[in-house]
J.: 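Would you mind keeping the following structure in view while I ask a few things?
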Amino acid sequence: MSKKTNNKGALDADVIAKLHLQADQLKEQVDAGNYAAAMGLINELNDVRDQSLYQEVGRLTRSLHEAIRNFQIDPQNAEQDEALSKMSDASDRLAYVVQMTGKAANRTMDLVEEAMPKAQAMIEQSRAFREEWAKLRRREMKADEFRELYHRLDLYFEKTATDAEVLYGHLSEILLAQDFQDLTGQVIQKVTALVKEVEDQMLSLVVMASHVDKITGTVHELGPDASKKSGIEKGEGPQMNAEVREDVVSGQDDVDDLLSSLGF
Amino acid sequence: MKILIVDDFSTMRRIIKNLLRDLGFTNTDEADDGNTALPMLKSGKYDFLVTDWNMPGMSGFELLEAVRADDALKSLPVLMVTAEAKRDQIVAAAQAGVNGYVVKPFTAAVLKEKIEKIFERIQS
């Protein structure tokens, strides 16, 4: 009789033994026409089912508490223990990433926007001087023109040295602004580890819940997954592993090829 | 030439604004999603629309559809600058009447090329 109980549903051994015993007894009583005793046995069977259910629910509740406690942040004090969970910490951390990357991008762009006109001015002045220099070399420049050029060159060297210094400073600041990668990288790695941990714990919760379902004989009706509906209008954000995926373009060249195949 | 830049991230709007300025387009406005962009487009006499796809509220795709469905706006050139990289999406955008499609991350040269191509096609 016990040959097919290969841990399916993972019921407790004593529960299984009771079920077998009572099932055998029930059959005997029904065969013997002893219906009152059979009804009594059915009630007992129900009790076994209920007890096992209570046990599982108790176990599930404990595990749930455990899982929730595992989500807590390393507590500094009892208050924090109550108030903070790793999950809210994770959202804070990700908000910090958004803030840091935004700050770095804006700082970089501030510096670039300040630097560009200086570079542009250097380009224009150099071009202008080149023309005048050529004129000088062709010996077409008058003496007073040369005196004027001489004076402007002096100013130009002074200004270029100052501007180049500013540019150099801006470039080093831009370099430093990239430190967000290190800081946000560490934060993201922490959050990734938490997500993995939560995934594992969720999985064991799902396993536990399915265990309870098995014992109670609950069958859930699973409708079509509404969330899976492809909402193309809304967009999805960046795609991962684009290089190995057929349904995703791997760059602008792919986009151009696809569009030209559509007659663009 | 008046251009509306629509993106939910201010840094990306700023990048595009800077690149457009380098290309000689200095008259630009910004909006952070389709819901803010559409009324601006309807009242603002814009000549060109640069939009992201994935935004809260009204997405860039929905904005494109709304623009094409509006009699006053339907011929407005629309360039999509987006991280959306699924082939289905690019085909859908083409069918919805997008004039150009640039995937992020992109370069200044690509943006320039696509904008110039759109204007060439409009003028011819």
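Order of the sequence lines sets the chain letters (A, B, ...), proteins ahead of strands, with each chain counted from 1.
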J.: Could you report the tightest heavy-atom contact between A/Lys234 and B/Gly57, atom names first, then the distance?
T.: NZ-O, 2.7 Å

J.: From B/Tyr101 OH over to A/Leu258 CG, what is the distance, rounded to the nearest 0.5 angstrom?
T.: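 Those atoms lie 9.5 Å apart.
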
J.: Quick one: pull up CD in A/Glu233 and CE in B/Met58 and give me the separation to the nearest 0.5 Å.
T.: 11.5 Å

J.: Show, in sequence, the C-alpha distance, side-chain angles and deciding distance for B/Lys114 and A/Val255, and conclude whether the side-chain contact (heavy atoms from CB on, under 4.5 Å) test is met.
T.: CA-CA 12 Å; B/Lys114 300 306 165 199; A/Val255 176; over 6 Å; no

J.: Counting heavy-atom pairs under 4.5 Å with chain A, which one of B/Asp52, B/Val103, B/Thr107, B/Val110 comes out on top?
T.: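 Between B/Asp52, B/Val103, B/Thr107, B/Val110, the count favours B/Val103.
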
J.: So for atom NZ, which belongs to B/Lys2, do other residues, nucleotides or ligands contribute more than 12 heavy atoms lying within a distance under 6.0 Å?
T.: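 It does: B/Lys2 NZ has more than 12 such atoms within range.
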
J.: State which residue, out of A/Leu259, A/Val248, A/Leu262, A/Asp254, fulfils the side-chain contact (heavy atoms from CB on, under 4.5 Å) condition with B/Ile90.
T.: A/Leu259

J.: Given a strict heavy-atom distance threshold of 4.5 Å, which part of B/Ala94 is in contact with chain A: side chain, backbone, both, or neither?
T.: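 Both backbone and side chain of B/Ala94 come within 4.5 Å of chain A.
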
J.: Which residue is it: B/Arg87, B/Glu84, B/Lys86? I am looking for the one with a side-chain contact (heavy atoms from CB on, under 4.5 Å) to A/Val249.
T.: B/Arg87

J.: Taking heavy atoms only and a threshold strictly under 4.5 Å, list by residue number the residues of residues 95-104 of chain A that touch chain B; give 'none' if the list is empty.
T.: A/Gly102

J.: Identify the residues of residues 161-174 of chain A whose heavy atoms come closer than 4.5 Å to a heavy atom of chain B, ordered by number, or report 'none'.
T.: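 The stretch does not come within 4.5 Å of chain B.
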
J.: Check each atom of A/Glu246 against the heavy atoms of chain B and say whether the ones under 4.5 Å are side chain, backbone, both or neither.
T.: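 For A/Glu246, backbone heavy atoms alone lie under 4.5 Å from chain B.
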
J.: Any chance you could lay out the side-chain contact (heavy atoms from CB on, under 4.5 Å) test for B/Val102 and A/Gln252, step after step, and finish with the verdict?
T.: CA-CA 7 Å; B/Val102 172; A/Gln252 189 63 40; 3.7 Å; yes

J.: For chain B, which residues from residues 118-134 of chain A lie under 4.5 Å away (heavy-atom distances)?
T.: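 Hits under 4.5 Å: none found.
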
J.: Between B/Lys117, B/Arg121, B/Gln89, which has the largest tally of heavy atom pairs under 4.5 Å with chain A?
T.: B/Gln89

J.: Is it the case that over 12 heavy atoms from other parts of the model lie below 6.0 angstrom from the CD atom of A/Glu140?
T.: yes

J.: Can you tell which of B/Trp53, B/Phe61, B/Phe106 has the highest number of heavy-atom pairs within less than 4.5 Å of chain A?
T.: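 Top count of heavy-atom pairs under 4.5 Å with chain A: B/Trp53.
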
J.: Using heavy atoms and a sub-4.5 Å threshold, report which of residues 6-29 of chain B line up against chain A, by residue number.
T.: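 The stretch touches chain A at B/Thr11, B/Arg14, B/Ile15, B/Asn18, B/Arg21, B/Asp22.
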
